[in-house]
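All remarks here apply to the structure that follows.
Indexing begins at 1, ligand by ligand and atom by atom, following the structure's order. Hydrogens, waters and symmetry mates are skipped; everything else that's a heavy atom, side chains included, is used.
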Amino acid sequence: MLDLSTKFMGLSLKNPIIAGSSGLSSSVAGIKKLEEGGAGAIVLKSIFEEEILHEMNDLMKDLPETSRYLERFDTLDLDLKSENLKKYKSLISDAKSAVAIPIVASINCTYSYDWIEYAEHLESAGADALELNMFFLPTDLERSADEMERAYFNVIEKVLNKVSIPVALKISPYFTCLGQTIQKLSTQGISGLTLFNRFYSPDFDIEELKVTQNNILSTPGDLAISLRWMALMSQKVDCDLAASTGVHDGEAVIKQLLAGAQAVQVVSTLYKNGPFYIQTMLDQLKDWMTRHGHSKLEDFRGKMSQNKSTNPATYERVQFMKYFSGYEEIL
Ligand SMILES: Cc1cc2nc3c(=O)[nH]c(=O)nc-3n(C[C@H](O)[C@H](O)[C@H](O)COP(=O)(O)O)c2cc1C
């Protein structure tokens with residue numbers, strides 16, 4: 001009998017595949033399907049403070065000029081915030097009653113006081129854990145990398161002071177000193193880090209000269225960045241790591257576990273293949289474990305991390321060097 005159980009951020013999971021945050025986990029019906037499909041845990045669609053701000057701007061536009069007073073702005077802000085929080089809290093409590101697997105709530109805020117307020121609310125609604133979906137696009141030319149990065153540490157400190165459920169941070173790979181930042185973040189008291197988020201990016205329509213949307217879903221080739229950093233960092237951090245981006249099949253799950261991941265998060269493959277594809281991925285994992293004589297994940301977790309490698313330099317190689325000669329022949 002194979003044991004696929006694992007722990008991520010202190011939560012006991014029956015298997016390492018977590019349905020990551022997306023529209024698939026924004027309703028109780030979707031959440032039930034993900035559990036039926038075999039997910040070990042579910043991260044809910046994030047509650048976005050930015051969405052509330054946009055909604056508020058829209059509402060303000062519809063108000064007559066004379067009503068656009070600051071007080072009205074404040075009440076609207078509070079109304080929308082509490083309405084959104086109310087809906088999200090119901091989603092958490094309904095999801096908790098509907099499924100047995102852990103439910104992780106996800107927050108994306110702009111201002112630090114909002115992160116704290118939201119975190120407290122989501123904990124009180126019964127979330128098993130929180131994932132802070134944090135990313136500030138560094139477009140402010142007045143702020144240094146150091147200042148930008150300090151914001152992450154401030155938010156973590158404040159949230160951890162207020163909640164007692166486990167907190168994970170989902171980050172991007174876009175830090176000036178990624179390795180050092182991952183290590184420093186892991187020592188701040190958080191229970192998990194999710195490496196990495198994938199973002200919406202604009203594209204151009206060159207005929208209409210319009211900004212359009214780029215590919216929303218990842219491809220299996222997108223695994224490379226998180227695989228490298230998982231292998232580089234898994235033995236050098238003080239919290240659990242989950243891999244995210246480009247995990248599309250059982251093979252990718254195995255690779256991330258070999259790199260040292262406690263769990264993987266999947267989204268795009270579920271949009272492409274449906275929630276029941278989780279079971280196929282688990283079957284692929286079980287088949288591989290049987291063929292390699294492993295009965296539990298600990299038998300092989302981290303076996304291909306940089307620390308365990310006899311040739312650690314291969315993980316840090318970035319230039320193509322000798323491969324160029326091969327390509328010149330083709331050209
Ligand atoms: C349609 C869609 C909606 C998403 N919504 C969220 C979200 O609300 N919060 C979040 O943290 N990540 C969100 N993500 C990012 C995913 O959780 C995940 O990190 C990313 O898609 C990379 O994983 P994948 O390669 O398995 O898709 C979303 C992704 C997609 C495709």
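The protein heavy atom nearest to atom 16 (C) of ligand 1 is S21 O, 3.4 Å. For atom 22 (C) of ligand 1, the closest heavy atom belonging to the protein is T245 OG1, 3.2 Å. Counting protein heavy atoms only, atom 12 (N) of ligand 1 is closest to K170 NZ, 3.0 Å. Among all protein heavy atoms, the one lying closest to atom 20 (C) of ligand 1 is R198 CB, 3.8 Å. In this structure, the protein non-hydrogen atom closest to atom 15 (C) of ligand 1 is N197 OD1, 3.4 Å. With respect to atom 5 (N) of ligand 1, the closest heavy atom belonging to the protein is K45 NZ, 3.0 Å. Among protein heavy atoms, atom 9 (N) of ligand 1 sits closest to S46 OG, 2.6 Å. Remark: minimum distance from atom 29 (C) of ligand 1 to any protein heavy atom is reached at V267 CG1, 3.9 Å.
In this structure, E157 CD and R150 CZ are separated by 12.5 Å, a value rounded to the nearest 0.5 Å. The CZ atom of R198 sits 7.0 Å away from atom OG1 of T245, with the distance rounded to the nearest 0.5 Å.
At distances below 3.5 Å, at least one donor-acceptor pair connects side-chain atoms of S186 with backbone N or O atoms of D238. The main-chain N or O of K89 is found under 3.5 Å from a side-chain atom of S93 such that the two form a donor-acceptor pair. Judged by distance alone, the side chain of K87 and the main-chain N or O of E83 form no donor-acceptor pair under 3.5 Å.
With S106 as reference, S46 is the one residue of S46, S22, S25 to meet the side-chain hydrogen bond (donor to acceptor under 3.5 Å, both in side chains) rule.
Each of the following atoms of ligand 1 lies closer than 4.0 Å to a heavy atom of Y271: 1 (C). With ligand atoms numbered from 1 in the order given, ligand 1 contributes 24 (P), 25 (O), 26 (O), 27 (O) to contacts under 4.0 Å with heavy atoms of S268. Listed by number with element, the atoms of ligand 1 under 4.0 Å from a non-hydrogen atom of S244 are 18 (C), 19 (O), 22 (C), 23 (O). Atoms of ligand 1 lying under 4.0 Å from at least one heavy atom of S22, given by number and element, are 3 (C), 4 (C), 5 (N). Atom numbering of ligand 1 starts at 1 in the shown order; those under 4.0 Å from a heavy atom of N133 are 9 (N), 10 (C), 11 (O). Less than 4.0 angstrom separates some heavy atom of V266 from each of these atoms of ligand 1: 26 (O). Ligand-side atoms of ligand 1 in range of S218: 24 (P), 25 (O), 27 (O), range being under 4.0 angstrom from any heavy atom. The distance from ligand 1 to the heavy atoms of F48 drops below 4.0 Å at these ligand atoms: 7 (C), 8 (O).
With a 4.0 Å cut-off on non-hydrogen atoms, L217 touches ligand 1 through its side chain and not its backbone.
In this structure, W288 has its ring center closer than 6.0 angstrom to the ring center of F300. The six-membered or imidazole ring of F136 lies near that of Y152, with a centre-to-centre distance under 6.0 Å. Taking the ring centroids of Y88 and Y118, they lie at or beyond the 6.0 Å cut-off.
Using a 4.5 Å cut-off on side-chain heavy atoms (C-beta onward), Q213 and S201 make no contact.
For E298 and R301, the salt-bridge test passes: some basic side-chain N is under 4.0 Å from an acidic carboxylate O.
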